[in-house]
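Notes follow the structure.
For reference, positions follow the sequence shown, starting with 1.
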Amino acid sequence: MPSTDQPVPFTADDYRARMTRAAESAEAAGLAGVLVAPGPDMVHLTGYRPTAETERLTLLVLRAGHDPVLVVPALEAADAERAAGAPALTLRDWTDAANPYTLTAGLLHAKGRFGISDNAWALHLLALRKLLPDSSYASLTDALPMLRAVKDAAELERLAAAGAAADATYEQILKVRFSGRRESEVAADLAALLTEHGHSQVDFTVVGSGPNGANPHHEAGDRTIERGDMVVLDFGGLKHGYGSDTSRTVHVGEPTAEEQRVHDVVREAQEAGCRAVRPGVACQEVDRAARAVITEFGYGERFIHRTGHGIGVTTHEPPYMIEGEEQPLVPGMCFSVEPGIYLPGRFGVRIEDIVTVTESGGRRLNTTARELAVVE
């Protein structure tokens with residue numbers, strides 16, 4: 001049965017709080033404000049997603065102590081007014097006969113340094129620089145990497161629902177036949193199940209069988225899955241605008257002692273990474289905890305990626321669980337914990353859950369069994 005559950009809608013107050021927090025964070029970082037182009041940041045802050053990509057300037061301007069302003073083309077103003085966050089901001093529309101950069105420049109500090117969306121068009125940034133030659137800009141990834149990192153209660157509810165849908169997908173995929181079918185066929189099953197369980201967007205369905213499992217980002221191909229294969233499953237997408245991402249590794253028929261041992265090591269490493277999650281701990285400590293287990297068992301050089309990434313309105317975003325990331329964990333952050341071991345030419349193993357930071361530790365949003373499942 002298709003999923004029919006609907007989340008509690010975000011309110012204008014939710015968006016107002018997010019925009020206020022973004023403006024205050026910018027001020028604390030020494031910025032004059034934040035300029036947000038259409039994309040994930042705009043959706044998160046306002047609920048507005050333009051219907052089509054266009055060269056016409058659309059830009060959200062956030063400055064501490066000032067009302068939020070959304071500069072939008074007049075022909076799209078009606079759509080912007082319908083966004084859930086519209087009551088929390090001022091709409092300034094412009095016609096094709098007008099210069100939108102003059103309008104926008106009047107909202108900015110002439111000598112200010114602004115954080116700007118990574119995906120902003122160079123066309124727009126250069127036009128603003130021409131009008132405000134003493135202004136400067138920094139990408140939001142560099143200037144405010146934690147802009148979307150801390151989720152509120154309503155966001156956490158959506159992330160939990162997305163995780164539950166991914167879990168239901170995994171439970172069902174265990175019942176399909178693997179042996180004798182192509183990876184792409186199992187991947188199609190995963191995509192169909194995610195959609196059935198309420199995902200509006202499927203971002204990836206990795207099915208890495210046998211030696212293909214040793215490639216963490218293997219794209220499901222035409223290889224026929226055989227009895228005796230280890231198979232890495234990594235899948236996710238968006239449900240009600242928020243992401244899912246989970247990995248489990250299954251075996252076609254009974255595993256060998258070595259395959260079971262490698263899986264056990266990864267499972268122990270994943271447990272260690274999850275146990276390390278608590279407020280105030282640096283992101284890198286989660287990576288260190290998981291990596292230490294894999295290294296202890298002699299597979300350190302075969303763990304070739306970071307332990308985790310943030311998730312929210314996109315399936316990959318800050319913070320990152322990697323050596324050198326000293327950002328402290330904060331309640332409300334959500335990220336993956338996904339260690340793996342990859343043996344080239346043979347097989348790979350990865351186990352992944354989404355974890356959210358609580359006041360006292362961490363809570364997994366994925367709850368399916370992490371033992372090595374045997375499939376047919």
Side-chain angles (χ1 to χ4, degrees), residues 163 166-167 170 206 208 210-218 230-236 245-251 255-311 316 318-329 333-358 360-374:
D167 283 355
Y170 175 67
V206 173
N212 288 342
N215 176 0
H217 282 175
H218 171 71
M230 195 79 92
V231 185
V232 177
L233 305 173
D234 181 2
F235 51 94
D245 185 1
T246 189
S247 299
R248 294 290 186 265
T249 302
V250 302
H251 197 276
T256 65
E258 181 192 18
E259 289 169 332
Q260 184 66 62
R261 182 172 64 252
V262 172
H263 191 278
D264 288 345
V265 171
V266 174
R267 183 155 61 97
E268 185 174 335
Q270 209 258 354
E271 289 286 344
C274 290
R275 285 196 303 269
V277 176
R278 60 185 182 277
V281 168
C283 291
Q284 66 182 1
E285 295 301 330
V286 178
D287 182 83
R288 288 175 177 176
R291 201 168 298 276
V293 173
I294 291 176
T295 300
E296 177 187 351
F297 284 93
Y299 294 101
E301 293 184 356
R302 300 305 180 192
F303 181 11
I304 56 177
H305 55 73
R306 64 198 175 202
T307 292
H309 58 81
I311 190 169
H316 289 77
Y320 298 103
M321 306 302 113
I322 186 63
E323 182 66 32
E325 179 52 81
E326 298 180 350
Q327 167 68 41
L329 298 180
M333 284 182 174
C334 292
F335 48 84
S336 65
V337 178
E338 52 176 306
I341 293 175
Y342 307 93
L343 304 179
R346 301 183 62 203
F347 65 89
V349 175
R350 182 164 66 258
I351 301 172
E352 173 186 14
D353 294 321
I354 299 302
V355 177
T356 182
V357 184
T358 67
S360 59
R363 176 171 66 93
R364 298 180 199 248
L365 300 186
N366 297 105
T367 61
T368 53
R370 296 165 196 90
E371 291 77 16
L372 180 57
V374 173

For His251, check ring pair (Phe, Tyr, Trp, His ring centres under 6.0 Å) against everything at least two apart and list the hits. none
For Glu285, enumerate each residue passing the salt bridge (charged side-chain N to carboxylate O under 4.0 Å, His left out) test, keeping only those at least two apart in sequence or located in another chain. Arg288
For the residue pair Asp245 and His316, establish whether any side-chain heavy-atom pair is separated by less than 4.5 Å. yes
So which atom in Ala276 and which in Ala289 form the shortest heavy-atom distance, rounded to 0.1 Å? CB-CB, 3.8 Å
Rounding to 0.5 Å, atoms CD1 (Ile294) and CD1 (Ile341) come to a distance of 4.5 Å
A side-chain contact here means heavy atoms from C-beta on lying under 4.5 Å apart; do Phe335 and Val357 qualify? yes
Is Asp287 reaching over with its side chain to a backbone N or O of Thr307, donor-acceptor style, under 3.5 angstrom? yes
With rounding to the nearest 0.5 angstrom, report the CE to CG distance, Met321 to Leu329. 5.5 Å
Are Ser336 and Ile311 close enough that some pair of their side-chain heavy atoms sits under 4.5 Å apart? no
Sub-4.5 Å side-chain heavy-atom contact between Val250 and Leu233: yes
Among pairs that include at least one residue of residues 265-277, which meet salt bridge (Lys or Arg N to Asp or Glu O under 4.0 Å), considering only residues two or more places apart or in two chains? Asp264-Arg267, Arg267-Glu371, Glu271-Arg364
Here the side-chain hydrogen bond (donor to acceptor under 3.5 Å, both in side chains) pairs for residues 293-305, sequence neighbours left out, are His305-Tyr342
Looking at residues at least two apart in the chain, or sitting in another chain, which of them share a side-chain contact (heavy atoms from CB on, under 4.5 Å) with Thr367? Asp167
What is the minimum heavy-atom distance between Ala290 and Pro339, and which atoms define it? CB-CB, 4.2 Å
Scanning both residues in full, the closest heavy-atom pair of Thr358 with Pro279 reads O-CG, 3.0 Å
With sequence neighbours left out, the residues meeting salt bridge (charged side-chain N to carboxylate O under 4.0 Å, His left out) with Glu338 are Arg350
So, Gln284 side chain and Gly324 main chain: donor-acceptor pair closer than 3.5 Å or not? yes
Suppose we screen for side-chain contact (heavy atoms from CB on, under 4.5 Å). Which residues come up paired with Thr246, at least two apart in sequence or across chains? Ala166, Phe235, Arg248, Asp353, Asn366
Closest non-hydrogen atom pair, Gly348 against Met230: O-CG, 3.6 Å
When rounded to the nearest 0.5 angstrom, what is the spacing between CZ in Phe347 and CD in Glu258? 4.5 Å
Checking Met333 against Val355 for the side chain to side chain contact (heavy atoms under 4.5 Å, CB included) test, could you report, in this order, the C-alpha distance in whole Å, the side-chain angles of both residues, the deciding distance, and whether it holds? CA-CA 8 Å; Met333 284 182 174; Val355 177; over 6 Å; no
Which atoms form the tightest heavy-atom contact between Cys283 and Tyr320, and what is the distance? CB-O, 3.4 Å
Rounded to the nearest 0.5 Å, the NE2 atom of His263 sits from the CG atom of Leu372 at a distance of 4.5 Å
For residues Val206 and Pro216, report the shortest heavy-atom separation together with the two atoms involved. CG1-O, 4.4 Å
By side-chain hydrogen bond (donor to acceptor under 3.5 Å, both in side chains) - contacts of Thr256 (at least two apart): Glu259
Evaluate the side-chain proximity of Val281 to Arg278: yes if any heavy-atom separation is below 4.5 Å, no if none is. yes
Nearest 0.5 Å, what's the CG-CD1 distance between Asp234 and Ile351? 12.5 Å
